[in-house]
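Encoded as structure tokens, the structure appears first; notes follow it.
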Amino acid sequence: MSGALDHRTFVIRRLLPGSPAHAFRFWSDHALKRQWNSCHRDWDVLEDRFDFRDDGIEHLVWRTPEGVVQEMLAHFFEIAERERIVYAYTMRKDGRSFSSSLVTVEFEGKPSGTQMTFTEQAMFLDPRDGDIREKGTGLGFDCLAEVIQAALAN
Amino acid sequence: MPQTNFDRIFHALSDPYRRAFIERLTKGPATVKELAAPAHVQLPAVLKHLRVLEEGGMVVSEKVGRVRTFRMRPDAFRNLASWIDQREREMEAAFDRLESLMAATPEQKDH
């Protein structure tokens, strides 16, 4: 594998309905977070750990219908209730990391709700490297299928 | 993502022969003859499909002597295949769900 890496920072801002305390619940409560956070309904959950505290770990392991083991491992660095969550996480496919990120989520009370600012600073391995290339179309068509499904759902 | 990129990719992929050629070319360069062999279509039709793919920016070709070889453009699927864009889209979709859930769930009194 070559050393091709891609760095990207993206920021998503959302005005959420309710107070910062309300918004924070959906990030700090295990069951509530799973209701919105996981989107792959057809993936088997092999492990689901959520230890929401400073230095706590969130660990999710899935098996996809194709038999691929996907993994998300996060480490919470700083939790300021109703204000801010700082964590790092890595995504793995069959045991190999393909991205690692630092994330900051900020909550700010507004008259009309809560302004949430999600900032992810990510490092991605080039998907054209390694096993993706050997498997041929894998990623491109997976993503395409998702794009099409998303478009049809709208 | 620019609409034009979507358009050309979807157009290129709207035909089963073209999808098969792309599938083949993602595994490595191939000559027109190699591409035509499993396609069960006449050479002119194969060339027509390849031209659509080339004009759409999905593949490039090079002629050496009498042999034309096609290969994928490295950026052919750039926007669609990028994990980065996928991650961002997934987060946007997750936050849509978060927004609906928050609206549907009463606030707790103790906060």
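- Both Phe10(A) and Val103(A) are part of a single hydrophobic cluster, where members link through side-chain heavy atoms under 4.5 Å apart.
- For the pair Arg97(B)/Gln35(A), no side-chain contact is recorded, criterion being any heavy-atom separation below 4.5 Å from C-beta on.
- Looking at Ser100(B), neither its backbone nor its side chain comes within 4.5 Å of chain A, counting heavy atoms on both sides.
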Show me the donor-acceptor pairs, under 3.5 Å and distance only, between side chains in residues 52-62 of chain A and residues at least two apart or in other chains.
residue, atom, partner, partner atom, Å
Arg53(A), NE, Asp51(A), OD1, 3.2
Arg53(A), NE, Asp51(A), OD2, 3.0
Arg53(A), NH2, Asp51(A), OD2, 3.0
Asp54(A), OD1, Ile79(A), N, 2.8
Asp55(A), OD1, His75(A), NE2, 2.8
Glu58(A), OE1, Lys33(A), NZ, 3.0
Glu58(A), OE2, Arg34(A), NH1, 2.9
Glu58(A), OE2, Arg34(A), NH2, 2.9
His59(A), ND1, Glu47(A), OE2, 3.1
His59(A), NE2, Glu71(A), OE2, 2.8

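- Residues of residues 106-119 of chain A having a heavy atom under 4.5 Å from any heavy atom of chain B, listed by number: Met116(A), Phe118(A).
- Distance check: Glu120(A) CD to Met91(B) CE gives 7.0 Å after rounding to the nearest 0.5 Å.
- Grouping the Ile, Leu, Val, Met, Phe, Trp and Tyr side chains by contacts below 4.5 angstrom, directly or via other members, places Leu47(B) with Met58(B).
- Hydrophobic clustering of Ile, Leu, Val, Met, Phe, Trp and Tyr side chains at less than 4.5 Å, counting indirect connections, keeps Leu102(A) apart from Met72(A).
- Considering OG1 of Thr105(B) and CG of Asp29(A), their distance stands at 10.5 Å, rounded to 0.5 Å.
- To the nearest 0.5 Å, atoms OG (Ser19(A)) and CD (Gln108(B)) are separated by 10.0 Å.
- Between Glu99(B) and Leu15(A), the closest side-chain pair of non-hydrogen atoms is not below 4.5 Å.
- A salt bridge does not link Glu107(B) with Arg25(A): every distance from a Lys NZ or Arg NE/NH1/NH2 to an Asp or Glu carboxylate oxygen is 4.0 Å or more.
- Linking Ile, Leu, Val, Met, Phe, Trp and Tyr residues whenever their side-chain heavy atoms come within less than 4.5 Å leaves Leu43(B) and Val52(B) in two separate clusters.
- At least one side-chain heavy atom of Leu98(B) sits under 4.5 Å from a side-chain heavy atom of Trp27(A).
- At a threshold of 4.5 Å between side-chain heavy atoms, the hydrophobic network of Ile, Leu, Val, Met, Phe, Trp and Tyr places Phe24(A) and Phe50(A) in one connected group.
- Note that CD of Glu92(B) is 4.0 Å distant from CD1 of Ile12(A), once rounded to the nearest 0.5 Å.
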